[in-house]
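Order of appearance sets the numbers: ligands from 1, and atoms from 1 within every ligand. Sequential numbering from 1 along the given sequence is applied to the chain's residues.
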Amino acid sequence: MKSKLKTTCIIFLLSAVVIILSFFISLFFFKLDGKNPEKKDDRLILGFSQIGSESAWRTRNTQSIFEAAAANDIQILFDDAQQKQENQLKAIRSFIVYQVDIIAFVPIVEDGWDNVLREAKNAGIPVILVDRHINADKSLYAGFLGEDSLEEGRKAGQFLVEKCLNQKEKINILEISGTENSSVVKERSLGFREIIDGDKKFNIIHSQTGDFLRSRGKEIAENLIQKTRDSGNFKNDALYFDSQKIDVIFSHNDSMTLGVLDSFANYGINSRDTIIISIDAEQKSIDALVDGKLNCVVECNPDSGEMLMKLVRLLASGKQIPRTTYIDERVFTENDNFELYEERGY
Ligand code: AHR
């Protein structure tokens with residue numbers, strides 16, 4: 001009697017463990033795309049790991065991929081990594097377990113992807129890099145789709161060189177960059193320096209990361225303002241670094257640029273004499289350009305969705321894709337005919 005009771009208890013406990021485990025596993029898959037994908041249909045499945053929603057650009061990029069997936073009848077297993085590489089690694093591993101057809105991801109930083117990509121390769125799942133490059137063996141991924149960040153940096157530098165063509169005096173530059181160790185920051189910095197380094201009058205007197213966030217752009221500017229206020233030398237004609245007037249701000253994205261403009265408004269800084277160059281071209285920064293608050297905005301095109309779905313279909317049918325697919329991008333400047341501008345949509 002006692003042993004029968006014991007067996008019943010063990011069976012009960014085991015069943016409880018199985019039920020609880022199944023519950024958590026189903027929750028896990030539910031979290032990936034917001035709906036239960038247990039039932040595989042005939043559509044292609046793309047596992048997509050996005051880094052987060054740090055800027056309007058990023059939100060539009062995610063939206064573009066979702067819209068294109070729907071238009072192409074491709075199912076998405078989505079994960080938002082909340083700016084953490086470890087979350088991206090987890091998401092990619094879950095895509096492998098789920099046996100998606102293709103994996104695409106935006107690598108937040110350049111390093112640390114080899115192992116997970118090897119796992120995807122061993123599972124026979126092709127991988128597409130979106131928006132950012134990585135340092136890894138090229139055989140571990142099928143190709144890259146996104147912007148040419150090196151060229152974006154060069155375009156920013158070219159605008160500055162042309163704008164200051166007739167100027168002889170020293171020009172002090174503040175650089176506000178984005179996520180550390182990301183390819184996009186490295187390349188934008190490189191491209192910009194490649195162009196301005198040819199003329200010794202250009203000096204980058206300070207370079208600091210603002211993590212691509214509006215709040216950080218504002219904070220960086222406010223810290224500089226605070227220092228000049230503390231030293232009793234506050235002037236409202238520009239930002240100052242170590243008592244040197246900043247003539248140019250090169251900001252790696254619009255969110256940070258708009259943050260800088262927020263702080264200018266708060267402290268009554270007149271930005272008209274500061275040359276401000278930004279990257280992305282979201283509507284708010286184009287509006288600031290038209291208002292005369294910015295001088296140049298280099299477009300970083302977030303609308304990679306349609307192109308991504310084309311690459312997904314090619315890979316799914318066993319074909320190769322180009323190693324690199326760049327997306328078209330333009331430059332908006334203070335010299336444009338603003339009447340020709342169209343709504344940016346983000
Ligand atoms: O990787 C692209 C950059 O990331 C965009 O310039 C920026 O806005 C985004 O957050």
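- Between Trp57 and ligand 1, no N or O atom pair is found at a separation short of 3.5 Å.
- At least one heavy atom of Glu147 sits closer than 4.0 Å to an atom of ligand 1.
- Proximity annotation for atom 2 (C) of ligand 1: of Asp131, Thr59, Ile279, Asn61, Asp131 comes nearest, heavy atoms only.
- Taking the six-membered ring for Trp and the full ring otherwise, the centers of Phe105 and Trp113 sit less than 6.0 Å from each other.
- Considering only non-hydrogen protein atoms, atom 10 (O) of ligand 1 sits nearest to Glu54 OE2, 2.4 Å.
- In the vicinity of Val184, heavy-atom distances shorter than 4.0 Å reach the ligand 1 atoms 1 (O).
- With respect to Glu152 and Arg188, a salt bridge is recorded, a charged nitrogen being found less than 4.0 Å from a carboxylate O.
- Near Ser55, meaning under 4.0 Å from any of its heavy atoms, are these atoms of ligand 1: 7 (C), 8 (O), 9 (C), 10 (O).
- One finds a salt bridge joining Lys201 and Asp199 here, because a Lys/Arg side-chain nitrogen approaches an Asp/Glu carboxylate oxygen to under 4.0 Å.
- Scanning all protein heavy atoms for the shortest distance to atom 7 (C) of ligand 1 gives Asn253 ND2, 3.5 Å.
- Glu119 has its side chain out of reach of Ile125: every pair of non-hydrogen atoms, C-beta onward, lies at least 4.5 Å apart.
- Glu329 places a side-chain N or O within 3.5 Å of a backbone atom of Asn301 that can act as its donor or acceptor partner.
- Checked against the 6.0 Å centroid criterion, the rings of Tyr267 and Phe234 do not qualify as a close aromatic pair.
- The side chain of Arg188, and not its backbone, has at least one atom closer than 4.0 Å to an atom of ligand 1 (non-hydrogen atoms only; side chain from C-beta on).
- Using bins of under 30°, 30° to 60° and over 60° for the plane-to-plane angle, the ring pair Phe241/His206 lands in the parallel bin.
- Residue Asp280 places a heavy atom under 4.0 Å from ligand 1.
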